[in-house]
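Each remark here refers to the structure printed beneath this line.
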Amino acid sequence: MSFDLILFGGTGDLTWRKLMPALFQAWRHGQLPPGGRILAVARDDRTHEAYRDFIRERFTEVDSAKRPSDEEFAGFARLLFYRRMDLSQPEHYAGLKHWVEAPSADEGRADGPADTVVLFLATSPHLFPEICAQLGATGLNGPRVRVVLEKPLGHDLASAREINRAVRAAFTEEQALRIDHYLGKPAVQNLMALRFGNALFEPLWRRESISHIEITIAESLGVGTRGDFYDRTGALRDMIQNHALQLLTMIAMEPPSSSDADAIRDEKLKVLKSLRPFTAASVERDVVRGQYRAGTVQGQGVVGYLDEAKVPADSRCETFVALRTGVENWRWAGVPFYLRTGKRLPGRDAQIVVHFRAVPHSIFPGPARANKLVIKLQPEDGLELHLMAAKGSGTHERLSPVRLDLDFDKAFPSERVGAYEKLLLDAIAGRLNLFVRSDEQEQAWQWVEPVLRHWEADSEGPRAYAAGTWGPPASSAMVARDGNAWDEEA
Ligand code: BG6
């Protein structure tokens, strides 16, 4: 199956930091279908060769394991092409259409148009409506075309709807692939396998056996060079509305009737619709926002958020959010779901912890710890099942915690693929399971919207926390009200 992958925003950060390294890995792993071309489009004038040099140089800045040797780069670079485009000019889209539909042997294709055309919009999202309208008007939206949209998809519900309307005017829902790169992480696919490929957990996966669930996405990095973008966004929009909620749907969804993309997405949508809606009172009680101050992260002194480049000195933008919610259905009624994310926390650490209920009656001396299942997303990718075992003998026998530890990187060493590599290969192959449908995305916006509105009207602003800590103490206090504790405090 031959393909043309066209990257709008072909010289931007996302393209060289994430997409090109992922495409190179897919090529290196022999996973890219044969007969592929990758065309970067951007505003400035460059030759194909100059673009390849630009990418070669940028590769020196990515993770060393993902860097090509000279020989490898020469092989990969044969797939790369460049085209100048002013995205407001209809004739430039007509030129692109010609490039796709009447390809030349000089530009990598001698045997007619590709079977599949994937248009990846790695530009600023405010350009999406215009690009989609122009693609539609030019006829670059036929059945073999798919469009991939990168977040942030909107700033709130109204702007997300506007983007979706523009996309729908040119493409069908099946042609529009919304990326949430967390869904491409191997641990998320393992979570599906754990829940729906094994009979063991399903009978326990409910309120009768589970007391509460934590989802943490912690980052040690600050906002880096993205201060201007981040300050308009904040942690709720940047991480909770998309990544954390997508993880929540994967944990809480009912078993789908098949592995068909819509069967899965229908179930995820039901979870989003069942989330307890926020009111002004529940935002006050169940949502904590924070902003980092100077501190020490992994032994390094770092500045506070307000001293970061391109951040206004009086910013009220949150760099941390912890919240408590619930899924209001028969399976999950009464089970708290705690979500937490932040920048400048003690480490890069993403995990889901499923806490099971304690034994109803203990016959052993001393306190018994309840079982828990830790699903680790990063830095390592694995599962830990925490159990109690007998330790000692005779009169000294007591219970002691042990854990079954499964490290997927070790279990399947050569088969782990990165999130963008997985999602790009899926986009080329037309596998939609791991892309977000517009109704899911709008529902997620609808759910966070009361929090955004409440904060806009609230004069207090975020609570300070020292960089290198787990956020404001109010986050621990919120969980403690239910008699629980975040995993690292338990
Ligand atoms: C992005 C956010 O979606 O996810 C960034 O915009 C964040 O702010 C990043 O740093 C985290 O992704 P990962 O895969 O490094 O955990």
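Counting convention: from 1, in listed order, for ligands and their atoms alike. All values below were derived from every heavy atom in this structure, side-chain atoms included, with hydrogens, water molecules and symmetry-related copies excluded. Keep in mind the model is a prediction, meaning the values are calculated, not measured.
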Check: Does a side-chain N-to-carboxylate-O contact under 4.0 Å join D439 and R265?
Finding: no

Notebook entry, point to check: Looking at E219, which atoms of ligand 1 are within less than 4.0 Å of one of its heavy atoms?
Noted result: 7 (C), 10 (O), 11 (C)

Checklist line | Nearest neighbour in protein (non-hydrogen) for atom 8 (O) of ligand 1 | finding: D238 OD2, 2.6 Å

Next item on the list: Just need the protein heavy atom nearest to atom 4 (O) of ligand 1, so name the residue and atom and give the distance.
Entry: H181 CE1, 3.4 Å

Check: Salt bridge between E488 and R340, side-chain N to carboxylate O under 4.0 Å?
Finding: yes

Check: Are E173 and R178 close enough for a salt bridge, meaning some N to O gap below 4.0 Å?
Finding: yes

Check: What are the atoms of ligand 1, with element, lying closer than 4.0 Å to any heavy atom of K151?
Finding: 1 (C), 2 (C), 3 (O), 6 (O)

Notebook entry, point to check: Does a side-chain N-to-carboxylate-O contact under 4.0 Å join K376 and D407?
Noted result: no

Note to self: Check for me whether the distance between the ring centres of F59 and F24 falls short of 6.0 Å.
What the structure shows: yes

Notebook entry, point to check: With I217, which of L377, I240, L247 fulfils side chain to side chain contact (heavy atoms under 4.5 Å, CB included)?
Noted result: L247

Next item on the list: Output the list of atoms in ligand 1 that are nearer than 4.0 Å to some heavy atom of Q378, sorted by atom number.
Entry: 13 (P), 16 (O)

Next item on the list: Provide, to 0.1 Å, the distance between atom 14 (O) of ligand 1 and the closest protein heavy atom, together with that atom's residue and name.
Entry: K185 NZ, 2.6 Å

Check: Any cation-pi pair here, R56 with Y51, using under 6.0 Å and within 45°?
Finding: no

Notebook entry, point to check: Which residue holds the protein heavy atom closest to atom 15 (O) of ligand 1, what is that atom called, and what is the gap in Å?
Noted result: R348 NH2, 3.3 Å

Next item on the list: Within a distance under 4.0 Å of any heavy atom of K343, pick out the atoms of ligand 1 and give their elements.
Entry: 5 (C), 7 (C), 8 (O), 10 (O)

Margin query: Heavy-atom distances under 4.0 Å decide this one: backbone, side chain, both or neither, for Y182 against ligand 1?
Written below: side chain

